[in-house]
Amino acid sequence: MSKWKFAITLLITSFCVGLFLVITIKPEPLRDALIFFPIDPNATFEESTSRIQFQAMEDEDEYTLDWTVTSVLNQDAYLRQDVSLLFEDGYLKDTLSTWKENTSTIQMEKDIKSDDSGNYRVVTFHHAELHYPNDEIKSAQKLSFDQLYVIDSPLSPLHAFRIPETEEEKESKRILDYIIKQQQDYDWDSLFDYYNLPKDGYLRIALTDLVLYEEKPLPGLTQEKTAQFLGGLWEGLYKHYVLGITKQDGTTVSPVGSTVPVILVPKSADHFFVLFRTSDGEPIQLLQTLQN
């Protein structure tokens, strides 16, 4: 074979191999939906944990946090999906989410850099979609939560704690909690005014406090209806918050920097509002209704 024929053959072969790789190697698609189905009483989570830990100091002002999420269902599911949100001092710091097919287990981890004192709260929705014969689909779900205080004070070395032990830690926690609560209460009151909602007509629950209602029902709801509400809430939050927030002008922005969503529970408990602000301060309102 002449050198020219050999070169042409090699070129054609390389092109075919390249084309084959382009066609067959595709990136994992982004799953753009988390769907709630009736709860499966036979599917339970053997493990569901969120963890935020102080990992290392980069320099005198900067440090790294280790953020981990683990969940294990008692059986393989058609689809496993976890969505985790990390808030710093009442604002969304970052998100973690993934989905896997035909598995029971999900593990996620991410390093987060930060500086100065802060209160970090992680809330995670662990979800499973189970398929049965005759097109029957059911869900399993669980919430997990963790929080950490990091104190950067000129009077002591940079350190972190979950539960304060010393008087200094108790005072640092008290100050941080007070500042965050004052800011949240002011912001929530202004959102009520903006949307003309009666302040005494709704119970306010921060998204980071929802884990309290896994073992007890929301006011006006049964435990079964509460589970339905939580599943529907996270279905909506994933679509309208985690994947991007649609503003009034139709543009979509990242949720990072937005405020902790507050869930408004009315006395009738037949509809729920979710209120928050984008990173640039625009108010956002979501509405969820409960089906009978």
Side-chain angles (χ1 to χ4, degrees), residues 23-52 67-87 92 94-110 122-146 207-208 210-211 213-215 218 223-246 252 254-256 261 263 272 274 286-291:
I23 293 173
T24 59
I25 300 178
K26 299 178 181 179
E28 184 179 274
L30 174 66
R31 184 173 177 85
D32 59 0
L34 184 157
I35 304 172
F36 172 78
F37 295 97
I39 298 295
D40 187 340
N42 299 316
T44 57
F45 281 92
E46 297 175 342
E47 182 180 357
S48 53
T49 58
S50 300
R51 197 72 167 168
I52 186 77
W67 175 15
T68 58
V69 174
T70 303
S71 61
V72 181
L73 197 68
N74 66 343
Q75 57 186 282
D76 284 351
Y78 173 83
L79 181 70
R80 281 292 339 278
Q81 199 165 1
D82 280 1
V83 181
S84 188
L85 307 176
L86 172 62
F87 294 92
L92 185 66
D94 209 342
T95 67
L96 260 181
S97 66
T98 192
W99 60 275
K100 294 182 179 180
E101 295 178 328
N102 303 314
T103 187
S104 64
T105 304
I106 281 184
Q107 291 182 316
M108 300 187 290
E109 184 172 10
K110 192 172 189 177
V122 176
V123 59
T124 303
F125 185 67
H126 311 279
H127 182 256
E129 187 178 307
L130 301 109
H131 289 209
Y132 294 99
N134 301 318
D135 295 327
E136 184 180 19
I137 305 177
K138 293 185 177 182
S139 289
Q141 63 187 35
K142 190 74 175 175
L143 284 172
S144 65
F145 171 81
D146 193 25
L207 181 66
T208 47
L210 273 182
V211 70
Y213 293 93
E214 273 204 313
E215 304 301 329
L218 285 163
Q223 195 66 58
E224 180 182 0
K225 284 292 185 181
T226 298
Q228 179 184 335
F229 159 75
L230 291 174
L233 172 71
W234 279 92
E235 178 179 329
L237 283 174
Y238 184 70
K239 181 177 181 180
H240 299 291
Y241 183 75
V242 178
L243 295 181
I245 303 168
T246 301
T252 301
S254 166
V256 172
I263 294 90
F272 305 86
V274 181
L286 305 177
L287 172 65
Q288 179 184 346
T289 58
L290 264 185
Q291 298 178 350

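- No side-chain heavy atom of Ile35 sits under 4.5 Å from any side-chain heavy atom of Leu79.
- Just one residue in the list Glu47, Glu215, Glu46 forms a salt bridge (charged side-chain N to carboxylate O under 4.0 Å, His left out) with Lys142, and that residue is Glu215.
- Atom CG of Leu230 and atom CZ of Phe36 lie 9.0 Å apart (nearest 0.5 Å).
- For the atom pair CG (Leu73) and CZ (Phe45), the distance works out to 5.0 Å, reported to the nearest 0.5 Å.
- Enclosure of atom NZ in Lys138 by more than 12 non-hydrogen atoms of other residues, nucleotides or ligands within 6.0 angstrom is indicated.
- Panel note: side chain Asp82, backbone Leu96; no donor-acceptor pair is recorded below 3.5 Å.
- In this structure, Ser71 OG and Gln81 CD are separated by 11.0 Å, a value rounded to the nearest 0.5 Å.
- To the nearest 0.5 Å, atoms CG (Leu34) and CD (Gln141) are separated by 9.0 Å.
- Here Ile106 contributes atom CD1 and Arg80 contributes atom CZ; the two are 4.0 Å apart, rounded to the nearest 0.5 Å.
- Of the N and O atoms on the side chains of His131 and Glu129, at least one donor lies less than 3.5 Å from an acceptor on the other residue.
- Residues Ile263 and Leu210 share a closest heavy-atom pair of CD1-CD1, 4.0 Å.
- Checking side-chain atoms of Ser50 against main-chain N and O of Val123 turns up no donor-acceptor pair under 3.5 Å.
- Contact record, Trp67 with Val122: NE1-CG1, 3.5 Å, taken as the closest heavy-atom pair.
- Taking all atoms of both residues into account, the shortest heavy-atom contact from Gln75 to Tyr132 is OE1-OH, 4.1 Å.
- Contact detail for Glu214 and Gln223: the closest heavy-atom pair is O-NE2, 3.1 Å.
- By the neighbour-count criterion of 12 heavy atoms within 6.0 Å, atom CD of Glu224 is sparsely surrounded, having that number or fewer from other residues, nucleotides or ligands.
- Taken to the nearest 0.5 Å, the OG1 atom of Thr124 stands 7.5 Å off from the CG atom of Leu85.
- Side-chain contact check for His127 versus Ser139: some heavy-atom pair is nearer than 4.5 Å.
- Of all heavy-atom pairs spanning Ser104 and Asp76, the tightest one is N-OD1, 3.3 Å.
- Note on ring orientation: taking the six-membered ring where Trp is involved, the planes of Phe125 and Trp234 are parallel (angle under 30°, cut-offs 30° and 60°).
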Legend entry - Derivation of the side chain to side chain contact (heavy atoms under 4.5 Å, CB included) call for Leu92 and Phe87: CA-CA 4 Å; Leu92 185 66; Phe87 294 92; 3.8 Å; yes

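- Closest of all the heavy-atom pairs between Lys110 and Thr95 is NZ-O, 3.8 Å.
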